[in-house]
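Chain A is the first sequence line, chain B the second, and so forth, proteins listed ahead of strands; every chain is numbered from 1.
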Protein chains: 2
Amino acid sequence: MTSKRPHALLRLTVDLVIQTLRDGQFQVLLIRRGNEPYRGQWALPGGFVRPDEDLDAAAARELSEETGIGPRTFHLEQFAVFGAPDRDPRGRVVTVAYLAIAPNLPTPVAGSDASQAAWWPVDKILAQPEELAFDHADILRMGIERARRQLEYTTLATAFCAEEFTIGELRRVYEVVWGIPVDPRNFNRKVMRTAGFVVPTNRKRTAEAGRPAALYRKGDATTLYPPMLRSRLNQASG
Amino acid sequence: MTSKRPHALLRLTVDLVIQTLRDGQFQVLLIRRGNEPYRGQWALPGGFVRPDEDLDAAAARELSEETGIGPRTFHLEQFAVFGAPDRDPRGRVVTVAYLAIAPNLPTPVAGSDASQAAWWPVDKILAQPEELAFDHADILRMGIERARRQLEYTTLATAFCAEEFTIGELRRVYEVVWGIPVDPRNFNRKVMRTAGFVVPTNRKRTAEAGRPAALYRKGDATTLYPPMLRSRLNQASG
DNA sequence: ACAAAAGTGTTGAATCTACACCCATGC
DNA sequence: GCATGGGTGTAGATTCAACACTTTTGT
């Protein structure tokens, strides 16, 4: 594997931290490995980059292979590279880590080379990182932290919602991903005052109980001014 | 170069956006290429990752090779990967981009395989991106934007300063990197109120003119709460 | 004394927090 | 009517922007 050149010839993979909200929980998609190494352990979905394939294209391909969903409104974003020389026992394999976020995906799909795919609650897998193969615990932690921070400064939260959503659903994204309560009344105004965060559709949705909520769509803005700071959010309940 | 495997064997480089403040300007270090391809054009310092070398180690090695300065108090941080299949005419070469920030470096040093090294004012090189080889204009732009954003939410500004610095010097980092004036009086208090941003040394420095300024050292904090927002900074002059 | 840069005080505007209260629907 | 979630008003605390003013040095 290591040649006599001054530089390495190596293989490149993409690994995905696919996040969603399911059953009111913050969850990630993991695959149980069917082959050595780390057979039987859990791992992030991913795979090798093809010879003439762009990195983002490789990530998008893996994403649709693993989730069984075509080119939809996914948020997909590269966030780090992991390249420790010994991170893969098969040789030098460098991986590009991607953060993928999608609205509530129905049910996990078993990939081609994987024996099993499952949604894991984030808290659960973070509590037992030894379940994860390679350095995927590190990658996962960084991907989770990335998403939590992005909620503060960007409009990323809308990526967890369906095309049309209520302000209450958007608020639940913050509450579930951060794990803290957020005051619904102040949240409403904060979202409305931030130009381009959400766009009204003039439609309403009537839920099981309570007053029907107005429906919104994602706006043009990508950054939030002022930011939605975790440390300052109030935690009142009424 | 492209084998019949389903995945690519490829080469990996690190490229560095080395930023500093020189002569009151925001500058980056560029190298004039001595070899094909792109001979004679300017490029970011960088080079191939060695077979058993960690990515961060490769970046640190290139940094000290190009600047001639040993393991000092550099800020060094991976910020993106560029892997378009055709980005390098020599074959598939993926590069990991690093942001390096250092206090005022004295004078450029010609590297081993480079014919010339020079500090460029950021504004100047951004205005003529066609001077740059490969996709280095994209990498540079992203590195600059990264630094500008990090000033808002992190204590990165201290990386532009020497070990001991005055609040005025720290303020000049913001002014020069962002290209906007910052009110000295409000800035002082804002820095002081953010716990862990700077630590007093109980020493003073007396400049050419004016009252001597207290000297500070970088603190423990890495993130700024509340952030130092560009869009909100006042632009008064007194 | 004067220029220059450091640093403090202060005031009106904007924002945030916490909560009272009203609105619209299903049962 | 009543429970439930959506949404508005508002008062006090906090923070911000703008700028007057004081402090400490070199010349």
Side-chain angles (χ1 to χ4, degrees), chain A residues 24 151-153 161 164-176 178 180-195 197-217 224-238, chain B residues 24 152-153 161 164-176 178 180-195 197-216 224-238:
Chain A
L151 289 194
E152 298 192 297
Y153 306 119
C161 298
E164 292 198 335
F165 54 88
T166 69
I167 302 297
E169 288 167 347
L170 189 64
R171 178 170 50 82
R172 247 159 262 135
V173 172
Y174 280 90
E175 292 188 320
V176 170
W178 283 348
I180 61 172
V182 174
D183 188 298
R185 298 157 292 189
N186 293 335
F187 182 84
N188 265 20
R189 265 171 311 208
K190 181 123 190 173
V191 170
M192 298 313 198
R193 275 200 222 121
T194 305
F197 194 175
V198 298
V199 194
T201 64
N202 297 321
R203 288 155 44 79
K204 290 181 182 243
R205 172 192 302 162
T206 167
E208 315 119 23
R211 170 176 170 179
L215 287 170
Y216 296 84
R217 194 170 282 129
L224 293 183
Y225 272 169
M228 188 89 68
L229 296 180
R230 256 184 284 192
S231 61
R232 288 177 161 193
L233 274 185
N234 51 351
Q235 281 138 44
S237 55
Chain B
E152 298 192 297
Y153 306 121
C161 298
E164 292 197 335
F165 53 87
T166 69
I167 302 298
E169 288 168 347
L170 190 64
R171 178 171 49 83
R172 247 158 264 135
V173 172
Y174 281 91
E175 292 189 321
V176 170
W178 283 348
I180 60 172
V182 175
D183 187 297
R185 299 157 292 189
N186 293 335
F187 182 84
N188 266 21
R189 266 172 310 210
K190 183 122 188 172
V191 170
M192 299 312 198
R193 276 201 221 120
T194 305
F197 195 175
V198 298
V199 192
T201 64
N202 296 322
R203 288 154 45 78
K204 289 181 182 243
R205 173 192 301 162
T206 167
E208 315 119 24
R211 171 176 171 178
L215 286 170
Y216 295 85
L224 292 183
Y225 272 170
M228 188 89 68
L229 297 180
R230 256 184 284 190
S231 61
R232 288 178 161 193
L233 273 185
N234 50 354
Q235 282 140 42
S237 55

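In this structure, CZ of Phe187(B) is placed 17 Å from C1' of dA18(D), rounded to the nearest angstrom. Spacing between atom CG of Leu215(A) and atom P of dG6(D) amounts to 12 Å, rounded to whole angstrom units. Per the geometry, CG belonging to Leu170(B) stands 15 Å off C1' belonging to dG7(C), to the nearest Å. The distance between atom CE of Met192(B) and atom C1' of dT8(C), rounded to the nearest whole Å, is 11 Å. The separation between Asp183(B) atom CG and dA6(C) atom P is 12 Å, rounded to whole Å. The interatomic distance linking Tyr216(A) (OH) with dG6(D) (P) rounds to 12 Å, in whole Å. We find that CZ of Arg193(A) is positioned 16 Å from P of dG7(D), with the value rounded to whole Å. Rounded to an integer number of Å, the gap from Asn188(A) CG to dC21(C) C1' is 15 Å.
Nearest heavy-atom pair, Pro227(B) versus Tyr153(B), reported as atom, atom and distance to 0.1 Å: CB-CD2, 3.4 Å. Residues Lys204(A) and Ala214(A) approach most closely at CG-CA, 4.2 Å, considering heavy atoms. Nearest heavy-atom pair across Tyr216(A) and Ile167(A) is CE1-CG1, 3.6 Å. Of all heavy-atom pairs spanning Arg205(B) and Glu164(B), the tightest one is NH2-O, 3.6 Å.
Side-chain nitrogen and oxygen atoms of Arg205(A) include none within less than 4.0 Å of the OP1 or OP2 phosphate oxygen of dA24(C). Arg185(A) has no side-chain polar atom (N or O) that falls below the 4.0 Å cut-off from OP1 or OP2 of dT10(D).
Looking at Phe197(B) and Lys190(B), their side chains never come closer than 4.5 Å, going by heavy atoms from C-beta outward. Put simply, the side chain of Arg171(A) does not reach to within 4.5 Å of the side chain of Val191(A), judged on heavy atoms.
For Ile167(B), the side-chain atoms get nearest to dG7(C) when compared with the rest of dT8(D), dG7(C), dC16(D).
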Tabulated below should be each protein N or O lying under 3.5 Å from an N or O of nucleotides 24-27 of chain D; please produce it.
residue, atom, partner, partner atom, Å
dT24(D), O2, Arg211(B), N, 3.2

Output one line per pair: protein atom, nucleotide atom from nucleotides 10-12 of chain C, and distance, for all N/O pairs under 3.5 Å.
residue, atom, partner, partner atom, Å
dT10(C), O4, Arg189(B), NH1, 3.2

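One distance of note links CG of Leu151(A) with CZ of Arg230(A); it measures 8.0 Å at 0.5 Å rounding. Between Leu215(A) atom CG and Thr201(A) atom OG1 the span is 5.0 Å, to the nearest 0.5 Å.
For Arg189(B) and Asn186(B), the side-chain atoms include at least one donor-acceptor pair closer than 3.5 Å.
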